[in-house]
Amino acid sequence: MKLLAITSCPNGIAHTYMAAENLQKAADELGVDIKVETQGSIGVENEFSEQDIAEADGIIIAADKTVEKDRFSGKKLLVVGVQEGIRQPKQLINKVISGDVPVYKGHSDRQSQTNTQKKKDKENPIYRHLMNGVSYMIPFIVVGGLLIAISLSLGGQQTPEGIQIPEGSFWKTIESIGSASFTFMVPILAGFIAFSIADRPGLAPGIIGGYIAANGSFYNSEAGAGFLGGIIAGFLAGYVALWIKKLKVPKAVQPIMPIIIIPVFSALIVGLAFVFFIGGPVAQVFESLTSWLAGMQGTSSILLALILGAMISFDMGGPVNKVAFLFGSAMIGEGNYEIMGPIAAAIAIPPIGLGLATFLFKQKFQKTEIETGKASFTMGLFGITEGAIPFAAQDPLRVIPSIMVGSMAGSVIAMLGNVGDRVAHGGPIVGVLGAVDNVIMFFVAIIVGAIVTALMIKLIKKDVTDQPAPVGSEEDVHAEDAAEQLAMDNQTPAETADTEEPETESLDEINKLTDITSPELIDIDLQGNTQDEVMDELIGKLDANGLLTSAQELKQKIVEREQESTTGIGMNIAIPHGKSKAVKRPSVVFGMKPDGVDWNSMDGTAAKLIFLIAVPEQAEGNAHLKILQMLSRKLMDENYREQLLQVQTKEEAYKLLQQVQ
């Protein structure tokens, strides 16, 4: 039995996510497979694929706002309010299981097909599948890169063969753990690309194909196909699995299709394709590259530096990179250190340059990329080129040329500066450890190359905030939903013109609840006995801490919001909130009323845990809304609520609130 559920409420802050959480928990207890799509304040999350809908035995919509139903035509559909999703999740699931649910007829097939086609026209499926793989790959790159960097820094020793960590040492163990993480990088990338295309049946073939792509021994190559080969393997595995899924088979075979037939045959097809068709030509290309480089030693040193810099950065640790690196390592054995010098500089430039770009040109990157940039910069310091891969995978046509130009520039400077590297490793770490000749020019080469990379990014990469969204697109819907949040009335441009830039910018820094609260904004013993008195106490906290220009103006907005519908969400929780020009920056006040206060809660319980949210009227973005969603989900944990009710000091309460992130 496989069910789908959608949860949504008018404000998209609390009830949406509480209903989703309760439906998921109830399904787990009943042993039912369920996928829950939330249509909250920042748009649709965990969106159903066409495959999900096709395989579903029934759909539950727990929503207090309009939800498009045409895609569920021909399916058993139960539509209820969001409160029923919160309070009666098991009953809803059992009702669908029992079959006592009508089949949704929907609109005409033509209309349904038109809606589906419009949705497809807005999507770039190749990009979506690729990003799914990249998102799962990034943690493996970060973990592996940082562990190797730490082990090299603290346990590395210079030897004729390069920086080595003594066998049997503690730091060798740390390096081995980091190396293990790196070995999963390409298989995970390929696996989750395939998963995005074909769902779970594509996961195993994708991972197997990615492993084969990264391991050249399968097709007699010293270097595997790297992350580029992993991308090929992922898409190949995904579409092969999807093709097999669509084959018509006898009913007796259908139950074993997703667990045996599809994974086995998909893995065989992808694996054999790499071993016999894709891998062989790749190996020949790399052998030819090695021979070509060896024949260039007598030609122009600048041309050689340009080629080596481009190869090192082209696939960031992949086969092309490895050919150049192995060539430089071989030259060390012959006593020629000035080939490895430019390579050592080029190795560090992509991750450092991209990290620098995320610091200097934030408008070019998503927030997650800016965070990744910090890890990338650190990995570059230790000569780990793979730190650049997440950026290249997301925007290869702009990022790869940028890092190639930067690495080529740095490589040429190192060659002209007679930089020599006596160990087979790169990055500033080898200069610090004394393995580099002409170390000043070595650092100059890296710095210039990183700056060139960052400037190239600024020049050719589009601003993420400047990309226009089509009318009616998800971005428009998100903006409209966000505008409705916190009881914000319809505003004219003039009303939102009086903005203060620092306040607006501060929203981008919200990553957890404690970013917008403090011990001074906590009161564990509220004295008020009515809703109005408690509001005054909580707003007074904001006013006393200099966060308001007018306490009365904020209260008016909060009262207006309460008049629309209660913010007493039940389970002894209330989340009053409002947007007002009187608020200087987003803030949360937390108050406790052990005896409870009547908040007209939907389940009739008195409010004991009260979170008052205050946001500037001109606030842009939806970071604060994400905090509210996480808060609502966290408060669904009964143990967490009990812990909050038992705190004795502000500091204890603040420590618990740090968990909301």
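Side chains included, hydrogens not; waters and symmetry mates left out as well; all remaining heavy atoms used.
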Output yes when a side-chain donor or acceptor of Thr378 lies under 3.5 Å from a complementary backbone atom of Lys374, and no otherwise.
yes

Do Thr358 side-chain atoms and Gly355 backbone N/O form a donor-acceptor pair below 3.5 Å?
yes

Any heavy-atom pair between the side chains of Met185 and Ile389 that's under 4.5 Å?
yes

Heavy-atom closest pair, residues Ala20 and Val36
CB-CG1, 3.6 Å

Between Thr183 and Phe140, is the side-chain contact (heavy atoms from CB on, under 4.5 Å) condition met? List the steps.
CA-CA 9 Å; Thr183 62; Phe140 291 87; over 6 Å; no

Do the non-hydrogen side-chain atoms of Asp395 and Phe391 ever get within less than 4.5 Å of each other?
no

What heavy-atom pair brings Lys364 and Asp463 nearest, and what distance separates the two atoms?
NZ-OD1, 2.8 Å

Distance col, row Asp52:CG vs Leu4:CG, nearest 0.5 angstrom, shows 6.0 Å

Under 4.5 Å between any side-chain heavy atoms of Met316 and Ile403, yes or no?
yes

Can you tell me if CZ on Phe276 sees more than 12 non-hydrogen neighbours from other groups inside 6.0 Å?
no

Just so I know, are the side chains of Leu3 and Ile59 near enough to count as touching, which here means a heavy-atom distance under 4.5 Å?
no

List the atom of Ile212, the atom of Gly271, and the distance in Å for their closest heavy-atom pair.
CD1-CA, 3.6 Å

Euclidean distance, Asp33 CG relative to Leu30 CG, rounded to 0.5 Å:
12.5 Å

Report the C-alpha distance between Ser8 and Val82 in whole Å, list the side-chain angles of each, state the deciding distance to 0.1 Å, and finish with yes or no for side-chain contact (heavy atoms from CB on, under 4.5 Å).
CA-CA 7 Å; Ser8 184; Val82 71; over 6 Å; no

Start with the C-alpha gap between Ile61 and Lys69, add the side-chain angles, then the distance that decides, and say whether side-chain contact (heavy atoms from CB on, under 4.5 Å) holds.
CA-CA 9 Å; Ile61 296 179; Lys69 306 182 186 72; 4.0 Å; yes

Determine whether a donor-acceptor pair (N or O, by modelled atom type, separation under 3.5 Å) exists between the side chain of Asn22 and the backbone of Ile86.
yes

Beyond-backbone contact of Leu189 with Tyr136, side-chain heavy atoms, under 4.5 angstrom
no

Please check if the side chain of Lys35 supplies one atom and the backbone of Glu47 the other of a donor-acceptor pair under 3.5 Å.
yes

For the backbone of Gln366 and the side chain of Glu369, can you confirm whether one donor and one acceptor N or O come within less than 3.5 Å of each other?
yes

Identify the heavy atoms of Gly209 and Val270 that sit nearest to each other, and give their distance.
CA-CG1, 3.7 Å

Judged by atom type as modelled, is there a donor-acceptor pair below 3.5 Å linking the side chain of Thr7 to the main-chain atoms of Ala62?
no

Shortest non-hydrogen pair, Leu354 vs Ala388, comes out as CD1-CB, 3.5 Å

As an exercise, state the distance from CD of Gln363 to CD1 of Ile370, rounded to the nearest 0.5 Å.
9.0 Å

Should Ile60 and Ile6 be marked as a side-chain contact (heavy atoms from CB on, under 4.5 Å) after you check the CA-CA gap, both sets of side-chain angles, and the distance that decides it?
CA-CA 6 Å; Ile60 299 170; Ile6 294 177; over 6 Å; no

From Met257 atom CE to Ile262 atom CD1, the distance as rounded to the nearest 0.5 Å:
4.0 Å

Test item: Glu37 side-chain N/O and Phe48 main-chain N/O as donor-acceptor pair under 3.5 Å:
yes

Could you tell me whether Lys25 and Asp28 have a side-chain N and a carboxylate O separated by less than 4.0 Å?
no

According to the interplanar angle, ranging from 0 to 90°, do the rings of Tyr239 and His129 count as parallel (below 30°), tilted (30 to 60°) or perpendicular (above 60°)?
perpendicular

Is the cationic atom of Lys461 (NZ for Lys, CZ for Arg) positioned less than 6.0 Å from the six-membered ring centroid of Phe365 and within 45 degrees of its normal?
yes

Quick check: does any side chain N or O of Ser407 sit under 3.5 Å from a backbone N or O of Ser313, one acting as donor and the other as acceptor?
no

Regarding Lys76 and Asp57, does a basic nitrogen lie under 4.0 Å from an acidic carboxylate oxygen?
no

Between the NZ atom in Lys512 and the CD atom in Gln659, the distance rounded to the nearest 0.5 Å is 13.0 Å

Give a yes or no answer on whether the side chain of Ser376 reaches the backbone of Gly387 with a donor-acceptor pair at less than 3.5 Å.
yes

Say you draw a straight line from CG of Leu23 to CD1 of Ile34; how long is it, rounded to the nearest 0.5 Å?
5.0 Å

Do NZ/NE/NH1/NH2 and the carboxylate oxygens of Glu84 and Arg87 come within less than 4.0 Å?
no

Do the side chains of Ile349 and Ile352 get nearer than 4.5 Å, heavy atoms only?
no

Residues Ile278 and Leu236: closest non-hydrogen pair is CD1-CD2, 4.4 Å

Just by distance, do the side chain of Lys75 and the backbone of Ala56 share a donor-acceptor pair under 3.5 Å?
yes

Counting C-beta onward and ignoring hydrogens, is there a side-chain heavy-atom pair between Phe235 and Ile126 closer than 4.5 Å?
yes

Got more than 12 heavy atoms from elsewhere within 6.0 Å of CZ, Phe72?
yes

Taking atom NZ of Lys245 as the centre, does the number of heavy atoms from other residues, nucleotides or ligands within less than 6.0 Å exceed 12?
yes

Go through it in stages, so that I can follow the logic: the residues are Ser98 and Asp100, the test is side-chain hydrogen bond (donor to acceptor under 3.5 Å, both in side chains), and I'd like the CA-CA distance, side-chain angles, deciding distance and then a yes or no.
CA-CA 6 Å; Ser98 69; Asp100 186 21; 5.2 Å; no

Would you say that Val79 contacts Tyr104 through its side chain, given a criterion of any heavy-atom pair below 4.5 Å between the two side chains?
no

